[in-house]
Amino acid sequence: MLDSNKDTIAAICTPLGKGGVGIVRISGENSLSISLKFFKSSKKNFAGIKPYRLHHGYFISPQGKILDEVLLAYMPKPGSYTGEDVVEINCHGGPAILQLILEELLASGARLAKPGEFTYRAFLNGKMDLTQAEAVIELINAPTKEAIPLAQQKLQGLLQQKIQTLKKNLETLRQEFCVAVDFPDEDLECLPPEKIQTKVQKTIEEINALLAAYEQKHLYQDGALVVIAGRVNAGKSSLLNALIGKERAIVTPIPGTTRDYLEEYINIQGIPVRLVDTAGLRETKDEVENIGLQKGLELILQSDLCLLLVDIRENFSTYEQNILEKIPHHKIFVVLNKIDLSSTMPKWTENINPKIPIFKISAQTGKGLKELSKAIGKQLLGTQKESSSTLVPNLRQKKCLEKAVSELNLLLQHLFEMPYDLLSVHLDLACQHLKEITGEITSEEVLNQIFENFCIGK
């Protein structure tokens, strides 16, 4: 659980491993005084620490030993990342020296920061709202370059501004909703239902644009699961190797080489794809292989897209038919492999649902793989039109938006049959769900779940 107290915290805020430069960050009211216990300027006429400047010097141990040559920067509140006094010590990037400097700071009054605690304090101190805080971790974890601008827009506060506008529109509507309810003795008229309907529908359309943007682009941030399924020796491992461009899976003529499942991550048209090669479908008494088959089936059902691979020379069996019956047609491709050995289209393909695409490839020679890869990207992104919103909410934000839309739809459903004071409850609830997005109303449990996903030092 994250603490909201104001003790001074410290952590290494650069990645683990060796590097030219490493940074130890300290935040809290004692950050500067603790740092000055160890810092000695290289200047003979040093006049003291000046804010927002790099000061060259040395980190000296309590025993007077130089631990490292450093650059120290001091950022006083409120003009810092956390909104508190912050000191950053730039030293050499070896894990040992970073840890040594951190241990000295902790021994002198700071405590080790918890995951995400620097950003959590920035949120508590009003330096950013919850959408911006979440954007920090989204930017750090951006799996492809296409995901970077999606996070940057939210980090700049654009999603926060959009949510605040939507909330303000609903709050204004609530004030106009029925003045007569609040002032029954005055000769005032309520807002006509038709005008209420128009304003609410406009807000719903704007929220739906955000939801459409999520459906279309969230894969850039969250990635997609693509599973290769098929009978033994259909060429699944060869297809995995061909798509990732290296020999990841063992390929032999012996049936059942893959008894569990293998996975690799690749970039397809900017989408981070988790590509999984499952165990070959067949009857077996091998307990280990049966476990692998069961895990493979679970992955197939969870997948964003299943590539059902079939040797073009083989008949369609009950194994493939079972897969087709369990997977929606928009989440499956039938891929005919080994066209280098036979190019004749099997008769059984005539009975396949015409909505299911069929591709002919050779995992061995690479023929047809470029077309298959393009089709995978297009299928994952969807064929829907571009959303009118360039802002892409994350899953938590999407759920809040859906709840807000649900309340507004209930309002429209009862608009012409219920009193205005009762209908206004739906407006209030919709506003509350929007406030959950920005963090104006958010439970401690939700906050903990968000910030615990951060790395220590951020």
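Numbering of residues begins at 1 and proceeds along the displayed sequence.
S362 and D340 form a side-chain donor-acceptor contact under 3.5 Å, judged by distance and modelled atom types alone. Judged purely by distance below 3.5 Å, without hydrogens or angles, the side chains of Q132 and Q156 never pair a donor atom with an acceptor atom. For E84 and S27, the side-chain atoms include at least one donor-acceptor pair closer than 3.5 Å. A donor-acceptor contact closer than 3.5 angstrom links the side chains of K167 and Q164. N394 and Q221 form no side-chain donor-acceptor contact under 3.5 Å, judged by distance and modelled atom types alone.
With salt bridges taken as basic N to acidic carboxylate O contacts below 4.0 Å, one links D311 and K338. Between E146 and K217 no salt bridge is recorded (no basic side-chain N to carboxylate O distance below 4.0 Å). By the 4.0 Å N-to-carboxylate-O rule, K331 lies too far from D304 to be salt-bridged with it. With salt bridges taken as basic N to acidic carboxylate O contacts below 4.0 Å, one links R274 and E263. With salt bridges taken as basic N to acidic carboxylate O contacts below 4.0 Å, one links E117 and R121. Comment: K77 does not engage E29 in a salt bridge, judged by the lack of any side-chain N to carboxylate O separation of less than 4.0 angstrom.
Within 6.0 Å of CG on L341 lie more than 12 heavy atoms contributed by other residues, nucleotides or ligands. For E325, the CD atom sits in a packed shell: over 12 heavy atoms of surrounding residues, nucleotides or ligands are nearer than 6.0 Å.
Looking only at distances, no side-chain donor or acceptor of E69 sits under 3.5 Å from a matching main-chain atom of C91. No donor-acceptor pair under 3.5 Å is formed between the side chain of T349 and the backbone N or O of M345. A donor-acceptor distance shorter than 3.5 angstrom exists from the side chain of N353 to the backbone of K355, with no hydrogens or angles considered. Distance alone, capped at 3.5 Å, is enough to place a donor-acceptor pair between the K154 side chain and the V392 backbone. Of the possible donor and acceptor atoms, one in the side chain of T165 sits under 3.5 Å from a partner among the backbone N and O of Q161. A distance-only check finds no donor-acceptor pair linking the side chain of W348 to the backbone of S317 [under 3.5 Å]. Although no hydrogens or angles enter the test, the distance criterion places no donor-acceptor pair under 3.5 Å between the side chain of Y120 and the main chain of L447. Between the side chain of K236 and the backbone N or O of R231, at least one donor-acceptor pair lies under 3.5 Å. For the pair T438 (side chain) and L130 (backbone), a donor-acceptor distance under 3.5 Å is absent. Listed for the K347 side chain is no donor-acceptor partner under 3.5 Å among the backbone atoms of N315.
Looking at heavy atoms from C-beta onward, I376 lies in side-chain contact with F333 at the 4.5 angstrom threshold. Between L211 and K398, some side-chain heavy-atom pair lies under the 4.5 Å cut-off. Residues I361 and K367 fail the side-chain proximity criterion, which asks for heavy atoms closer than 4.5 Å. Inter-residue side-chain proximity for I204 and N409 is flagged as met; some heavy-atom pair is nearer than 4.5 Å. V276 is not listed as a side-chain neighbour of I300, based on a closest heavy-atom distance of 4.5 Å or more. Put simply, the side chain of V335 does not reach to within 4.5 Å of the side chain of I358, judged on heavy atoms. Residues I23 and I12 are not in side-chain contact: their nearest non-hydrogen atoms beyond the backbone lie 4.5 Å or more apart. Between K199 and N169, the closest side-chain pair of non-hydrogen atoms is not below 4.5 Å.
Atom CD1 of I101 is separated from atom CG of L106 by 12.0 Å, given to the nearest 0.5 angstrom. Here L262 contributes atom CG and N241 contributes atom CG; the two are 9.0 Å apart, rounded to the nearest 0.5 Å. Note that the CD1 atom of I437 and the CD1 atom of I163 stand 4.0 Å from one another [nearest 0.5 Å]. For the atom pair CG (L170) and CG (D428), the distance works out to 10.0 Å, reported to the nearest 0.5 Å. One finds the CZ atom of F123 at 9.5 Å from the CD atom of E134 (value rounded to the nearest 0.5 Å). Summarising the geometry, atom CG belonging to D277 is positioned 10.5 Å from atom CG belonging to L243; distances are rounded to the nearest 0.5 Å.
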Next item on the list: Show the numbers, then the answer: is there a salt bridge (Lys or Arg N to Asp or Glu O under 4.0 Å) between E436 and R396?
Entry: CA-CA 9 Å; E436 289 174 8; R396 183 193 72 85; 6.0 Å; no
Next item on the list: Show the numbers, then the answer: is there a side-chain contact (heavy atoms from CB on, under 4.5 Å) between L275 and I268?
Entry: CA-CA 10 Å; L275 186 64; I268 297 182; over 6 Å; no
Item checked: Audit row: I271, Y220, side-chain contact (heavy atoms from CB on, under 4.5 Å) steps and yes/no -> CA-CA 5 Å; I271 305 170; Y220 285 127; 4.0 Å; yes
Next item on the list: Show your reasoning for whether side-chain contact (heavy atoms from CB on, under 4.5 Å) applies to I323 and I332.
Entry: CA-CA 9 Å; I323 297 295; I332 192 165; 3.8 Å; yes
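Here the closest non-hydrogen pair linking L369 and A242 is CD1-CB, 3.4 Å. The minimum heavy-atom distance between L411 and L427, with the atom names listed, is CD1-CG, 3.6 Å. Of all the heavy atoms in A234 and L309, the pair that sits closest is O-CD2, 3.6 Å. Pairing each heavy atom of F359 with each of A375, the nearest pair is CZ-CB, 3.4 Å. Contact record, I26 with S31: CG2-CB, 3.7 Å, taken as the closest heavy-atom pair. In plain terms, the two heavy atoms of L423 and H414 that are nearest each other are CD2-O, 3.6 Å.
A side-chain contact (heavy atoms from CB on, under 4.5 Å) with L105 is found for one member of I9, I89, V87 and no other, namely I89. The residue from K403, E402, K399 that alone fulfils the side-chain contact (heavy atoms from CB on, under 4.5 Å) condition with H433 is K403.
Geometrically, R25 engages Y81 in a cation-pi contact, judged by NZ or CZ lying under 6.0 Å from the ring centre and within 45° of the ring axis.
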